[in-house]
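Numbers restart at 1 for each chain; the letters A, B, ... are given by sequence-line order, proteins then strands. Since we're looking at a predicted model, the values are computed, not measured.
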Amino acid sequence: MALPTQPYKGARDFYPEDKRLQKYMFGLMRRVAESFGYEEYDAPVLEPLELYLAKTGEEIVNEQTYTFEDRGGRKVAIRPEMTPTVSRMVAAQRQELAYPLRWYSIPNLWRYERPQRGRLREHWQLNVDIFGVDTVQAEAEVIQVAAGILKAAGATSDMYSIRINSRKLMDFVLKDYLGLDGVQRHTIAKLIDRMHKMAHETFVAEADAVFTPSQRDAGASDKLLELLKCTAIEQLPAEVRSDKSALELMELMNTMKEARLSNAIFDPTVMRGFDYYTGIVFEIFDEDPENNRSMLGGGRYDGLVGLFGVEPVPTVGFGFGDVTFENFLRGHGLMPPMRPETDVYAVLIGDVFAKAQPVIAEMREQGVNVAVDVSGRAPDKQIKTAVKKGIHYAIFIGERDLAIEQFEIKNLLTGVAERHSIARIVSIVRDYRSDD
RNA sequence: GCGGAAGUAGCUCAGUUGGUUAGAGCGCUGGAUUGUGGCUCCGGAGGCCGUGGGUUCAAGUCCCAUCUUUCGCCCCA
C-alpha cells in the first residue's frame, strides 16, 4: 500500500510558490510592525496545558486544542493562540522590560476543528501587542498597525471596515441599562455575537426568550434592538453615552478620524469570543461580498499578565491570520506578481561545466543568484526548464563565449537577447531586479 | 461534534438502463534539433476509477462503511 502524499488534515504544504506568497505577506507584516517600533519575539510551540485553562474560552481548551501527555506525565498543549504565551513571557521579566513595550510575532498555531473556508487546523498569525499603556492611545496605535499592513498590501479603505466596540460598554448596557443578571448577560452576549448570521426575527425571538416578564414589560427587547442599530457613539441613549466606557470609545473614534481611518466605525455587535478581553474590542471585516468575514481581531486584555502572580500590565493586541489575509488579497485582486529567487539560469552548451566555473562564481560574488543547468541536455530543453521555473534571464555559456569573454544574456519574458561582458550582465540583472 | 455535496491520469473532465482491454483535452517526457523556449510533426510514460466490504454471471456505475476535500452549523485564535 502506497503512503498518502497529502498533508495532515487541515494543514498545508508550502511549495516554493506558496512559500513565496507567505514570505510576501509576512514581509509586509514585519515591515509595518517594525515601522511602529515593534520588536519580534518567538516561543515554543508546546506549552503546559494549564496556561490555557484560566482565561481562554472553555470550548477552545476542551475541544479545539491538541493535547497530549509527555513521558514525564506532564499535560502538554500545542499552542492554539499566542496571547497567553506572550503574557507569560512579559510576566517572567515584568521588572526588567521597558514600557511601553511593543512586541510582535508570527507563530504557527493549531486548533482541532473541522476545516472550512478561511479556517484550517494550522495557520500562522501575526500577533501585535503593546504592554503598559492604559489609555486608548494603545488601541489607536495597534489599529493603525493593522490598517497599515492592509494599506501596504495595496488595499483601499472601501475593501475593509474597522469595527470597534467595548466590552465595558456592553457590560454597562446589559447590566445597568437593561438590568440583566449574570446568566442573562452571558446568553445575550453570545446571541449578539451571532446576530448577523441569523434572521432578524429569530434574533428577536431568542433575545425575547431570555428576558423576564418584568424586563419585557420595561421594554428591554426594544431598548436592546435600538441600541444594536447604532453606528456611532452619538446615537447611543444619553444614559449609556455618559458612561466612562462610551467616552473612551469616543476618544478612540476621534483619533481614528485624525489618523484618516475613514472606515473605522462603532459597531455594538462586535463581541469577540475570548473571555480575557476587558475593554475595547475591534475587528477588521473583509468587505468582499464573497468573503464577508472578520479577518482580524483584537482588543484590550488588562488581566492576563497579572495571572502569573506579578503586578498586572495593561495590554492591547490583535491577531491577524495568514489564511484570511490571503483570501483578502485574492478577493480584491491584490496578489503581487511573484518573482523567483533565482535571477539567472545558466545554459551550458557543450561540455563546459568546469570551464564555466569562474564566470558563474563571479556573478554570484556580485550578488546575482545563478542556477546552472547540469543536465547536459540540448539548449532548447534547458531554456524550457528556465521558463517553467519562471526565471527571467538565461545566460548562454559555450566554448565560443568563454574564448571571447562575451556572453549572451536573454530576457526570457521579452525574448530579447544581448551580448555583453560578465560585468555588464551583472549590472543589467541587478538593475532589473531592483525595478520593483 | 452535527448536516449537505463531491472524489476517474499531474490538472480539468467524459464514461449511456451495470456489459469486452477505462477515454479526451491540457500538462509531462523523448525525438525531429547539443548555439537558443513558446509554433508544428512523430513517439512514450502515466489509472487498484479515494479505500475496505457487500449485491451480481458481470461494478467506475448499485448498497454500506470509512478516509479526504468542500459548503454550512456549532465555535471563532
Q) Between Tyr112(A) and Gly376(A), who's closer to the 5' end of RNA chain B by nearest nucleotide? A) Tyr112(A)
Q | First encountered from the 5' end of RNA chain B, between Arg121(A) and Ile383(A) | A | Ile383(A)
Give one of base, sugar-phosphate or nothing for [X], where a contact means two heavy atoms less than 4.0 Å apart.
X: Glu399(A); answer: base
X: Gly415(A); answer: base
X: Asp401(A); answer: base
X: Leu109(A); answer: nothing
X: Gly398(A); answer: base
X: Arg79(A); answer: nothing
X: Gly10(A); answer: sugar-phosphate
X: Gly297(A); answer: nothing
X: Arg419(A); answer: base

Between [N] and [M], how far is it from one [atom1] atom to the other, in whole Å?
N: C11(B); M: G50(B); atom1: P; result: 13 Å
N: U61(B); M: C49(B); atom1: C1'; result: 10 Å
N: U56(B); M: C63(B); atom1: P; result: 16 Å
N: C75(B); M: U17(B); atom1: P; result: 45 Å
N: U21(B); M: G15(B); atom1: C1'; result: 15 Å
N: G37(B); M: G46(B); atom1: P; result: 29 Å
N: U40(B); M: G25(B); atom1: P; result: 13 Å
N: U68(B); M: A32(B); atom1: C1'; result: 44 Å

Could you state the atom-to-atom distance from [atom1] of [X] to [atom2] of [N] in whole Å?
X: Lys381(A); N: G35(B); atom1: NZ; atom2: P; value: 14 Å
X: Lys388(A); N: C11(B); atom1: NZ; atom2: P; value: 14 Å
X: Glu283(A); N: C75(B); atom1: CD; atom2: P; value: 15 Å
X: Gln116(A); N: C74(B); atom1: CD; atom2: P; value: 10 Å
X: Lys190(A); N: C74(B); atom1: NZ; atom2: P; value: 12 Å

Does [X] get its side chain close enough to the base of [N], under 3.5 Å, for a donor-acceptor pair?
X: Arg119(A); N: C75(B); value: yes
X: Arg114(A); N: G3(B); value: yes
X: Gln382(A); N: U36(B); value: no
X: Lys384(A); N: G38(B); value: no
X: Asp380(A); N: G35(B); value: no

Q) Between Arg94(A) and Tyr99(A), is NZ or CZ placed under 6.0 angstrom from the six-membered ring centre and within 45° of the ring axis? A) yes
**Q.** Phe285(A) six-ring centre to Arg163(A) NZ/CZ under 6.0 Å and within 45° of normal
**A.** yes
When both hydrogen-bonding distances must be under 3.5 Å and the geometry is Watson-Crick or G-U wobble, what is [N] paired with, if anything?
N: G3(B); value: C71(B)
N: G46(B); value: none
N: C13(B); value: G23(B)

If you count every heavy atom of other residues, nucleotides or ligands that lies below 6.0 Å from [X] atom [atom1], does the total exceed 12?
X: Tyr112(A); atom1: OH; value: no
X: Gln137(A); atom1: CD; value: no
X: Asp42(A); atom1: CG; value: yes

Q) Are Lys410(A) and U36(B) close enough that a side-chain N or O sits under 4.0 Å from OP1 or OP2? A) no
Q. Distance check: side-chain N/O of Arg400(A) vs OP1/OP2 of G35(B), anything under 4.0 Å?
A. no
Q: Give a yes or no on whether a salt bridge exists between Arg330(A) and Asp288(A), defined as a side-chain N under 4.0 angstrom from a carboxylate O.
A: no
Q) Phe131(A) vs Trp103(A) aromatic rings, parallel, tilted or perpendicular, using cut-offs 30° and 60°? A) perpendicular
Q.
Can you tell me how far apart CZ (Phe325(A)) and CG (Asp286(A)) are? Round to the nearest 0.5 Å.
A. 11.0 Å
